[in-house]
Number of protein chains: 2
Amino acid sequence: MISNKAKYAFRALLTVAAAPEGEALTSTEIARRHAIPHKFLEQILLDLKKAGILESRRGKSGGYIMLRPADTITFGEVLRIFEGPLAPLPCLSRQSYRRCEDCASEANCEIRREFARAYDASRQVLDSRTIADALANVPYDDTGEDQQRLAG
Amino acid sequence: MISNKAKYAFRALLTVAAAPEGEALTSTEIARRHAIPHKFLEQILLDLKKAGILESRRGKSGGYIMLRPADTITFGEVLRIFEGPLAPLPCLSRQSYRRCEDCASEANCEIRREFARAYDASRQVLDSRTIADALANVPYDDTGEDQQRLAG
DNA sequence: TAAATGTCGACTTTATAAGTAGGGAATTGA
DNA sequence: TCAATTCCCTACTTATAAAGTCGACATTTA
């Protein structure tokens with residue numbers, strides 16, 4: 001399960017991305033719309049700013065706007081900001097690889113091999129789908145046929 | 001990241017499954033082979049027993065053996081025993097569905113829709129690959145072509 | 001210049017991970 | 001039979017992270 005923090009971050013980001021070009025949204029407004037604890041949301045927005053995703057304006061008519069276009073921001077990128085590495089095993093993370101303490105041989109590790117399959121599958125989705133994709137509102141049909149249709 | 005507990009469970013299970021038919025392995029022996037804290041492993045083996053995956057014999061020539069064949073035990077099943085639901089959101093879990101407290105409409109939730117894609121992809125792997133598959137030792141080639149070759 | 005906003009650091013509370021500890025119950029080989 | 005070996009069970013500890021809460025400060029603008 002992903003954390004509340006990450007879920008709030010996505011709600012906030014989708015809201016800011018959906019706002020009219022140039023219009024800043026305040027943390028108070030975002031918190032109100034989604035019933036997110038205000039002070040908690042402030043921390044989250046700050047994290048998104050430090051990550052170079054949002055931009056902020058202070059003072060009376062302040063608020064948050066997108067720093068980068070929504071179609072350059074993937075779900076994977078945002079998730080990593082709040083959850084750390086997405087890999088199920090440290091030895092499978094590309095961005096922050098660590099070997100498993102107790103592992104004799106990575107090449108022969110059955111656990112690593114199987115989880116690599118699962119992680120590849122989910123990473124392919126998370127690192128390709130963007131905030132803009134999500135807002136495009138195309139329904140998702142869970143029949144297992146999508147992957148082949150899209151790949152073909 | 002998966003917990004140490006789950007990782008130990010997989011190591012133990014793969015070891016018991018790889019043992020000669022009918023030969024019981026003691027918790028001490030399994031712990032020694034993989035340098036797993038013995039008392040901790042005992043709890044894990046007990047969980048696997050309660051889940052109907054392992055069988056145990058007590059006393060002098062006791063130990064653990066498989067209760068069900070290794071090709072009927074998926075990685076997803078084992079993972080759920082130790083990690084709970086695998087879904088990234090409660091509203092995406094089939095086996096233990098809960099609605100998200102703060103969600104207005106599941107059908108229109110962009111977060112749910114995107115994570116459904118990711119979860120479907122990884123679930124398809126975890127719920128199909130078995131302990132027996134893992135022991136078959138077929139190398140895994142991460143080029144993104146496997147899915148199509150296997151599907152075709 | 002006061003009100004509205006974002007920024008920052010410290011604190012609290014609760015839950016979970018990762019073990020540790022100590023004994024009790026069953027089996028079996030001598 | 002009895003002692004060694006094994007599994008079985010409960011309780012405890014320690015460290016870390018999640019999910020906030022709180023109070024003060026900094027910046028902008030009407």
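Below, read A as the first sequence line, B as the second, and so on, with proteins coming before strands; counting in each chain starts at 1. Just so you know, these numbers use all the heavy atoms, side chains as well, and skip hydrogens, waters and symmetry mates.
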Compare the minimum distances between each of C/dG6, C/dA25, C/dA10 and the side chain of A/Gln43, then state the nucleotide with the smallest one.
C/dA10
Give B/Phe82 one of three labels, base, sugar-phosphate or nothing, depending on what nucleic acid heavy atoms sit under 4.0 Å from its own.
nothing
Result for side chain to side chain donor-acceptor pair (under 3.5 Å) between A/Ser27 and one of A/Lys39, A/Gln43, A/His38 points to A/His38
Once you round it to whole Å, what is the distance between P of C/dT5 and NZ of A/Lys49?
16 Å
Is any side-chain nitrogen or oxygen of B/Tyr8 closer than 4.0 Å to OP1 or OP2 of C/dA18?
no
Give the nucleotide from the list C/dA21, C/dT5, D/dA19 with an atom nearest to the side chain of A/Asn4.
D/dA19
Whole angstrom is fine here: how far is it from CG in B/Asp47 over to P in D/dC8?
11 Å
Nearest-angstrom distance from the residue atom NE2 of A/His38 to P of D/dG20:
14 Å
Nucleotide nearest B/Lys39 (side chain, heavy atoms from C-beta), chosen from C/dG23, C/dG19, D/dG20:
C/dG23
Return the value, rounded to whole Å, for the distance between atom CZ of B/Arg58 and atom C1' of D/dA4.
15 Å
Using a heavy-atom cut-off of under 4.0 Å over every strand shown, decide if B/Lys7 touches base, sugar-phosphate, or nothing.
nothing
Parallel, tilted or perpendicular: ring planes of A/Phe10 versus A/Phe75, cut at 30 and 60 degrees:
parallel
Can the positive tip of B/Arg11 be found less than 6.0 Å from the middle of the six-membered ring of B/Tyr8, inside 45° of the ring normal?
no
Rounded to whole angstrom units, what separation is found between the CG atom of B/Leu45 and the P atom of D/dC9?
13 Å
Winner on side-chain proximity to A/Phe40, out of C/dT7, C/dG6, D/dT21, is D/dT21
Name the closest nucleotide to the A/Lys60 side chain, picking from D/dC7, D/dT28, C/dT20.
D/dT28
A/Lys50 NZ to C/dT7 P: how many Å, rounded?
9 Å
Is the shortest side-chain N to carboxylate O distance from A/Asp133 to B/Arg113 below 4.0 Å?
no
Go nucleotide by nucleotide along DNA chain C from the 5' end; which of B/Ala6 and A/Arg57 gets its closest nucleotide reached first?
A/Arg57
Could you please name the option among C/dT28, D/dC7, C/dT7 that lies closest to any side-chain atom of B/Ser61?
C/dT28
Would you mind telling me which residue lines up with the more 5' stretch of DNA chain D, A/Ser3 or B/Glu42, judged by nearest nucleotide?
B/Glu42
Using whole Å, report how far OH of A/Tyr64 lies from P of D/dT28.
14 Å
Check A/Cys100 against A/Cys91 and note the closest heavy-atom contact, atom names and distance.
SG-SG, 3.9 Å
Nearest whole angstrom, please: distance from the P of C/dG24 to the CG of B/Leu46.
18 Å
